[in-house]
Number of protein chains: 2
Amino acid sequence: MQDSKKNVQSNRRAEIVAIATETFLENGYAGTSMAQLAKACDIQKASFYHHFPSKDALFITCVNEGYADAVNGLIEIRADESLTDWQKIERAIHNLYASIVTSPTGRLSPLIAEVSRTLPGVANAFHKDYITHQRAALEAIVSDGVTNGAFKAQDFDVFHHIVIGPIVTLSLSREMFAKVADLEAHFPVEKLKRGHLDIILRELEI
Amino acid sequence: MQDSKKNVQSNRRAEIVAIATETFLENGYAGTSMAQLAKACDIQKASFYHHFPSKDALFITCVNEGYADAVNGLIEIRADESLTDWQKIERAIHNLYASIVTSPTGRLSPLIAEVSRTLPGVANAFHKDYITHQRAALEAIVSDGVTNGAFKAQDFDVFHHIVIGPIVTLSLSREMFAKVADLEAHFPVEKLKRGHLDIILRELEI
DNA sequence: GTCTATAAGTAGATAGAC
DNA sequence: GTCTATCTACTTATAGAC
């Protein structure tokens with residue numbers, strides 16, 4: 001009984017965070033008002049302040065959601081002993097496309113840039129809790145492959161730059177031009193991912 | 001006399017646009033108030049409305065500035081008969097890094113994402129007047145090289161993805177973490193550009 | 001072309017009933 | 001936990017003097 005009550009509470013909270021995230025993605029941080037959020041969540045403005053102390057706090061919660069899942073995927077891939085080094089890097093790329101282009105975690109990047117000066121804590125947490133661990137997880141997979149003699153040694157700064165760059169830009173482009181162009185025609189995720197992956201694999205060949 | 005008067009006027013206007021652009025970059029579009037802009041430009045709020053009919057119109061002017069210069073650079077590189085195809089692609093990459101990472105044109109990308117739903121005209125103009133021409137200019141340089149037998153034939157969608165992706169992401173990262181990290185230590189433009197260029201040149205080799 | 005003053009509306013956040 | 005009602009501060013934009 002206690003448990004089911006708790007679940008209802010946390011479900012309501014999780015629901016609010018999910019809807020708020022979509023609303024922030026549509027209108028930006030400063031461009032989203034508490035009134036808009038209230039309407040989208042079908043709740044009164046004042047009721048928000050029972051769940052979150054401020055608009056800032058709600059936004060920070062939205063940004064923080066999803067970090068763990070995104071990074072844990074990469075860590076699990078590295079630990080999976082049934083996979084070859086080549087299979088691991090391929091799965092890692094798929095994982096990054098999914099978590100950056102599709103999920104809110106990556107799509108929120110331009111909003112972190114938006115508030116980088118006014119709420120520096122958001123960018124700081126994103127760097128510390130997501131970027132650093134994502135980078136380390138990817139570096140571990142590459143490093144294992146090099147140690148095993150499967151991959152050519154890499155300058156990891158450059159490798160990370162050409163792996164992450166196209167993925168984040170694809171995500172940003174799809175946010176920028178969501179209302180302008182046919183996204184699948186102009187930014188075909190599967191096709192670009194395949195071409196990008198081919199180049200990454202070629203870079204790793206000895 | 002008429003001319004010098006005109007220059008004073010347009011200089012004042014250009015000065016306002018330059019300062020407003022920096023202020024928008026700092027605080028985002030919705031996060032920047034006319035009062036902030038007025039203070040930054042050392043002018044009264046109401047005086048803005050002599051130069052621009054609205055905040056929207058001022059922002060659109062800020063975004064549009066710099067398109068022509070950025071694209072013309074690539075067009076001139078293609079037309080320069082003193083350069084080999086390899087020199088052209090190398091200069092094109094340098095040009096893209098300069099115009100996307102350093103200049104306001106590229107740095108404003110996250111702000112275009114911010115207003116993509118509320119001011120879709122901004123994203124539309126950016127796509128039509130900048131992205132399309134930049135893509136076409138780069139494609140022409142690659143296509144010339146292929147025709148001349150210097151470059152391997154490319155799927156240009158994928159090529160554009162891996163050329164532009166790391167550059168735009170570098171620019172976005174530097175905006176996101178401007179207040180968090182030592183930018184040159186975490187995002188060393190010259191080093192990443194050199195590594196990225198090496199990979200692009202390798203992809204073009206026959 | 002720039003100013004002071006102000007209109008008309010919206011922002012985030014709170015008080016207190018139920 | 002959600003509601004209605006409300007506060008204060010701030011928003012874009014305009015009016016009209018100089």
I'd like to know if B/Glu22 and B/Arg107 make a salt bridge, using a cut-off of under 4.0 Å between side-chain N and carboxylate O.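 Answer for the salt bridge query: yes.
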Taking NZ, NE, NH1 and NH2 as the nitrogens, is one of them in A/Glu90 or A/Arg194 under 4.0 Å from a carboxylate oxygen of the other?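 Looking at A/Arg194 together with A/Glu90, the answer is yes, because their closest N to O distance falls below 4.0 Å.
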Between [X] ([atom1]) and [N] ([atom2]), how many Å, whole number?
X        : N      : atom1 : atom2 : result
A/Asp42  : D/dG1  : CG    : C1'   : 14 Å
A/Leu58  : C/dA11 : CG    : P     : 16 Å
A/Leu119 : C/dG12 : CG    : P     : 13 Å
B/Phe52  : C/dG1  : CZ    : C1'   : 14 Å

[X] side chain near [N] phosphate (N/O to OP1/OP2, under 4.0 Å):
X       : N      : answer
A/Ser33 : C/dA11 : yes
B/His51 : C/dT2  : yes
A/Ser47 : D/dC3  : yes

Report, as a single string ordered 5' to 3', how protein heavy atoms within less than 4.0 Å touch nucleotides 13-18 of chain D: B base, S sugar-phosphate only, - not at all. BBB---
Do A/His133 side-chain atoms and A/Asp129 backbone N/O form a donor-acceptor pair below 3.5 Å?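 Confirmed, A/His133 side chain pairs with A/Asp129 backbone.
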Separation between NZ of B/Lys88 and CD of B/Glu81, rounded to the nearest 0.5 Å: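 It comes to 7.5 Å.
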Show your reasoning for whether side-chain contact (heavy atoms from CB on, under 4.5 Å) applies to B/Thr105 and B/Ile100. CA-CA 6 Å; B/Thr105 307; B/Ile100 294 173; over 6 Å; no
Taking C-beta and beyond as the side chain, do A/Val158 and B/Ile199 meet within less than 4.5 Å on heavy atoms?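 Yes; the side chains approach each other to less than 4.5 Å.
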So what is the end-to-end bend of the helix from C/dG1-D/dC18 to C/dC18-D/dG1, with 5 pairs used at each end and the value given to 10 degrees?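 Rounded value for the end-axis angle: 0°.
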With a distance cut-off below 6.0 Å to the six-membered ring centre and an angular limit of 45° from the axis, does B/Lys55 pair with B/Phe24 as a cation-pi contact?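 Output no; distance or angle outside limits.
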State which residue, out of B/Glu190, B/His196, B/Lys193, fulfils the side chain to side chain donor-acceptor pair (under 3.5 Å) condition with B/Tyr97.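 Answer to the side chain to side chain donor-acceptor pair (under 3.5 Å) test with B/Tyr97 among B/Glu190, B/His196, B/Lys193: B/His196.
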If you check every side-chain atom of B/His50, which of C/dC3, D/dT2, C/dT2 has the closest atom?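 Of the options given, the side chain of B/His50 lies nearest C/dT2.
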